[in-house]
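Read the structure below first, then the notes.
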Protein chains: 2
Amino acid sequence: MASIDDVARAAGVSTATVSRSMSGRGAVSEATRLKVQKVAAELGYVASATAASLASGRSSNIGILTPYIDRWFFTEVIRGAQEELSRHGYDVTLYNLGGVPAQRSRMLDDFIHRGRVDAFIAIDVPLDSAEIGRLHDINRPIIGVGGAIAGVRTISIDDTEVVRIAMRHLLELGHSRIALLGGRDDDVDVFKVASTRRKTFESVLRQAGIPVLPGSMQFGDFTIPSGYTAAKKLLTHANRPTAILAASDEMAFGAIIAARELGITIPSELSIVGIDGHDLGEFFGLTTVDQNPLQQGRTAATILLDEILPHRTETIDINTALPVRLVKRSSTAKPRA
Amino acid sequence: MASIDDVARAAGVSTATVSRSMSGRGAVSEATRLKVQKVAAELGYVASATAASLASGRSSNIGILTPYIDRWFFTEVIRGAQEELSRHGYDVTLYNLGGVPAQRSRMLDDFIHRGRVDAFIAIDVPLDSAEIGRLHDINRPIIGVGGAIAGVRTISIDDTEVVRIAMRHLLELGHSRIALLGGRDDDVDVFKVASTRRKTFESVLRQAGIPVLPGSMQFGDFTIPSGYTAAKKLLTHANRPTAILAASDEMAFGAIIAARELGITIPSELSIVGIDGHDLGEFFGLTTVDQNPLQQGRTAATILLDEILPHRTETIDINTALPVRLVKRSSTAKPRA
DNA sequence: TTGTAGGCGTTATCAA
DNA sequence: TTGATAACGCCTACAA
């Protein structure tokens, strides 16, 4: 491996000049810069990342903390962040906190403090105050995506608004027997996504003067199978709804499959609206409120880069929740008279 | 941040002893080791990863090269590898080569040579000979998962065997009008997965003395929508098959949805067998040949660790393709007489 | 614009 | 078993 000295010697300059020529930091004449870069290319020289970060304190590496890497929302956020970070020369190190519980604290304790990354993105990671304290101690920027972390700036959608948009759509179409296919309000629901959506569902109905009938809310774990099972209950119920609001697109897909199996036609006999903007929405013809997690990841990365990179100042107003939009497809229509 | 000197001073020993006490490398008396670790804990000392790797040449970081992070197979492999690596104290840095094409060569050129990782896992990454050469130059272990890379040891399943197992199942049930829902044999099919499966399908039929009828092979891109579309063609064809072999579980799901829509009952009127072992297989009742990508990831990590870690010698015979197994569910049965 | 030289925080060799 | 100390390879004031 060629080192900076080799290049310096071959180019007839000092190592300082090589460093400056390669990194772009500091003043170098155009001529020498080109020469150095040429020599470097010939020698196949690439600066050692470890040496560079030891000397500079920067690592060009961002850590992403996530509880899952195999769920749609998380994957999309990771992909969006990665794309943006990579575009600016940053590596992404993935800390999967979901796998083995015992690993979790070691990961946070050891690695996160080992100064391997310049900053963190935490996707829906519930951190306790001790953990947050430690993260602040090491003084590295951190930004949350999804679930809010106390004392940490977080970008996310407004779960209340999301449900309102979906419900408004159904109400405007003329539905009144609307059921909820919700997320379970258990201890996994650390960030109250499931409960916020349910509460908003109820309050919107109430405001519209529509009572929430017993049995008109069924719950699952945001997956297709759970949506299917819960929808079956909803649709075989005595007072079958004319519309369903699903807390996730995947649950909505499950509901669509369940409805087809029961011979219930969508949208004439049953309207379904989801929340997410899942790629398969198109395929299933699902009307949904798109929360664009890919963009959430990109935005998180952009804000982070803004803090880390010296010359950037594309400040983003982080107090505004990210926009969501209703995507109308063929799963919703006016209820049959 | 406490440094090694702080700990040395506080514990009344040399930095060398601190280093040895913390890393476990080198001989230290039990007593001093405990004392040092206690002092280190009190001071909240954690060794700097960059400094350590500059000095030792090891980074405790593994790079995963992948073209996608949002596709089931890849996510599973990553998850399996990550889990295993993390268990041994390794970080995982993700190099997503799929996103922006222009990024690809820079990633390979720059980062991979910057010595930030100790080894690589390449999941279905097509590398040209120049790229392989460079990877060998830096002399870091590399292992492929899925697609074979010239000169690089690769673990993968035997695509021929997979198809044979699935076909044997259908043939044993008594099917003879078997159609293929294949992968498109285009330039994306670098590793000939699609074409190998198709060829094996044809040869198995031929050996069974069954002609491959025109129109009995339709192709897609391994996704649910493409499986749906291709299956529609297959099932509205004049000579409708009694069984379908799908090149991926997702395509099989698409086929199941298509069949239901056409009012074709599974498995009495149509048997469907997939390839993958997708989580949703259970939900759809899909008979499939499980290729366990999670385990593929774990195995890749284990082999890599075996090379990197000093004291391990759990040698794995890498010349054996990984095992696959037929998972029988409710999507296959004898054809109706 | 360029060069000199002192870190950056560990690890590992060699003596003791 | 422990301690001194020379790398590790680069960055960055500071000086020229």
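Computed from a predicted structure; not experimentally measured. By convention in this document, chain letters (A, B, ...) are assigned in the order of the sequence lines, proteins followed by strands, and residues within each chain are numbered from 1.
- Taking only side-chain nitrogens and oxygens, B:S48 never comes nearer than 4.0 Å to OP1 or OP2 of C:dG9.
- Between A:E83 and A:R87 no salt bridge is recorded (no basic side-chain N to carboxylate O distance below 4.0 Å).
- Side-chain nitrogen and oxygen atoms of B:T17 include at least one within less than 4.0 Å of the OP1 or OP2 phosphate oxygen of D:dG3.
- Using a 4.0 Å cut-off, some side-chain N or O of B:T32 falls inside it from OP1 or OP2 of D:dT2.
- Comparing D:dT12, D:dG3, D:dG9 against the side chain of B:S14 picks out D:dG3 as the nearest.
- When heavy atoms are screened at a 4.0 angstrom cut-off, A:A27 is found touching base atoms of the nucleic acid.
- At least one side-chain nitrogen or oxygen of B:S29 sits closer than 4.0 Å to the OP1 or OP2 atom of D:dT2.
- The nucleotide whose nearest atom lies closest to any side-chain atom of B:A55 is, among C:dT11, D:dT12, D:dT2, C:dT11.
- For the pair A:D118 and A:R58, the salt-bridge criterion is not met [side-chain N within less than 4.0 Å of a carboxylate O].
- Ring-plane geometry between A:F74 and A:Y68 is classed as perpendicular, the angle between the planes exceeding 60 degrees on a 0 to 90 degree scale with a lower cut at 30.
- Counting non-hydrogen atoms under 4.0 angstrom, B:V13 reaches the backbone sugars and phosphates but no base.
- A distance of 4.5 Å separates CG of B:L97 from CG of B:L65, quoted to the nearest 0.5 Å.
- Judged by atom type and distance alone, A:R20 reaches the base of C:dG3 through a side-chain donor-acceptor pair under 3.5 Å.
- Looking at heavy-atom distances under 4.0 Å, A:T50 makes no contact with the nucleic acid at all.
- Nearest-nucleotide positions on DNA chain D for B:E30 and A:S19 put B:E30 closer to the 5' end.
- Among the atoms of the strands shown, none is found under 4.0 Å from any heavy atom of A:S53.
- Looking at which nucleotide of DNA chain D each of A:A16 and B:A16 is closest to, the 5′-most match is held by B:A16.
- Looking at heavy-atom distances under 4.0 Å, B:R33 makes no contact with the nucleic acid at all.
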